[in-house]
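Working notes, structure below.
Here the structure is a predicted model, which means the values were calculated and not measured. The figures here come from the full heavy-atom set of this structure, side chains too, leaving out hydrogens, waters and symmetry mates.
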Amino acid sequence: MKHKKQLLVVGLLSMTVIMLSGCQDIMNSFKQFEQSFKGLEMTVRTYDEQSQVMDKVQGKSVKIERDNTFDTDEDSKDSSVIQITVGKNEMHHVGSSMIIEEKGLTNVFDEYADKVDINNTKRSVPMINSMVNDFSNSFKGKDKVILIRSQNGTPLATYAGNKVSMYSTDVPKSTGILIDGKYLFIYRCDYTIYDKALVD
């Protein structure tokens with residue numbers, strides 16, 4: 001009897017791990033934990049208004065955070081200054097567009113370089129679709145294409161993935177995106193995220 005109970009507990013734990021391994025929210029939490037304690041292998045690029053790369057920094061141990069030294073007060077958390085730790089060194093950035101991508105992500109800009117022109121005439125129930133989309137973002141992600149532009153609308157980069165979910169960050173005017181298990185950080189950029197089915 002005791003042996004059966006142990007097998008049941010092991011089975012339930014295994015099922016829970018399998019179920020949770022597909023959960024995007026948990027994957028994002030693991031990414032943030034990994035970034036805080038050992039860093040992620042990432043490439044940092046900043047852009048001018050014409051979408052030209054101004055600088056590029058690569059590191060095997062990169063951590064991104066808001067520099068709270070510049071908060072108006074303790075409660076505001078309004079600093080737009082980013083503090084980026086690269087190995088034992090650091091950099092600070094504010095103002096211009098920045099994209100930080102984890103190693104393994106590919107900019108597929110050329111594949112989607114044409115302007116997007118979507119015509120979808122299918123009827124649906126918006127409230128239900130919104131609930132399904134919110135669930136997909138949190139649990140499994142969706143096939144999506146991310147078109148990123150500079151602050152004046154000039155195209156910068158395009159990413160695509162089968163499991164894409166968006167997350168808030170503690171840095172104002174930024175978004176964290178999980179793409180097939182890899183982390184993308186967008187700061188002071190215009191962007192549009194489409195279901196891939198709309199642009200194929």
Side chain to side chain contact (heavy atoms under 4.5 Å, CB included) partners of [X], counting only residues at least two apart:
{"X": "Asn68", "answer": "Arg66, Asp71"}
{"X": "Arg188", "answer": "Ser80, Gln151, Lys173"}
{"X": "Asp190", "answer": "Arg149"}
{"X": "Asn89", "answer": "none"}

Heavy-atom closest contact ([X] atom, [Y] atom, distance):
{"X": "Tyr183", "Y": "Gly176", "value": "OH-CA, 3.5 Å"}
{"X": "Leu156", "Y": "Ser51", "value": "CD2-OG, 3.2 Å"}
{"X": "Asn162", "Y": "Asp180", "value": "N-OD1, 3.0 Å"}
{"X": "Ile179", "Y": "Tyr159", "value": "CD1-CB, 3.8 Å"}

Legend entry - Sequence neighbours excluded - salt bridge (Lys or Arg N to Asp or Glu O under 4.0 Å) pairs with any residue from residues 80-107: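 Output for this query lists Lys31-Glu102, Glu41-Lys103, Arg45-Glu101.
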Inset, instruction - Kindly write out the residues that satisfy side-chain hydrogen bond (donor to acceptor under 3.5 Å, both in side chains) with Ser174, not counting sequence neighbours, or none if the list is empty. - result: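 In terms of side-chain hydrogen bond (donor to acceptor under 3.5 Å, both in side chains), with neighbours along the sequence ignored, Ser174 is linked to Thr169.
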Legend entry - Partner residues of Ser150 under the side-chain hydrogen bond (donor to acceptor under 3.5 Å, both in side chains) criterion, sequence neighbours left out: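 Ser150 satisfies side-chain hydrogen bond (donor to acceptor under 3.5 Å, both in side chains) with Asn152 only.
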Inset, instruction - Taking salt bridge (Lys or Arg N to Asp or Glu O under 4.0 Å) as the test, write out the residues that go with Asp55, two or more places apart. - result: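 Listed in chain order: nothing, the list is empty.
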Legend entry - Partners passing ring pair (Phe, Tyr, Trp, His ring centres under 6.0 Å) against Tyr187 (at least two apart in sequence or in another chain):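 If we apply the ring pair (Phe, Tyr, Trp, His ring centres under 6.0 Å) test to Tyr187, skipping adjacent residues, the hits are His93.
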Inset, instruction - Answer with yes or no whether the side chains of Thr175 and Tyr191 bring together a donor and an acceptor at under 3.5 Å. - result: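 Yes, side-chain donor-acceptor contact under 3.5 Å.
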Inset, instruction - Return each pair, listed once, that meets ring pair (Phe, Tyr, Trp, His ring centres under 6.0 Å) where at least one residue sits in residues 42-65; pairs must be two or more places apart or across chains. - result: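 Sorted result for residues 42-65: empty, none.
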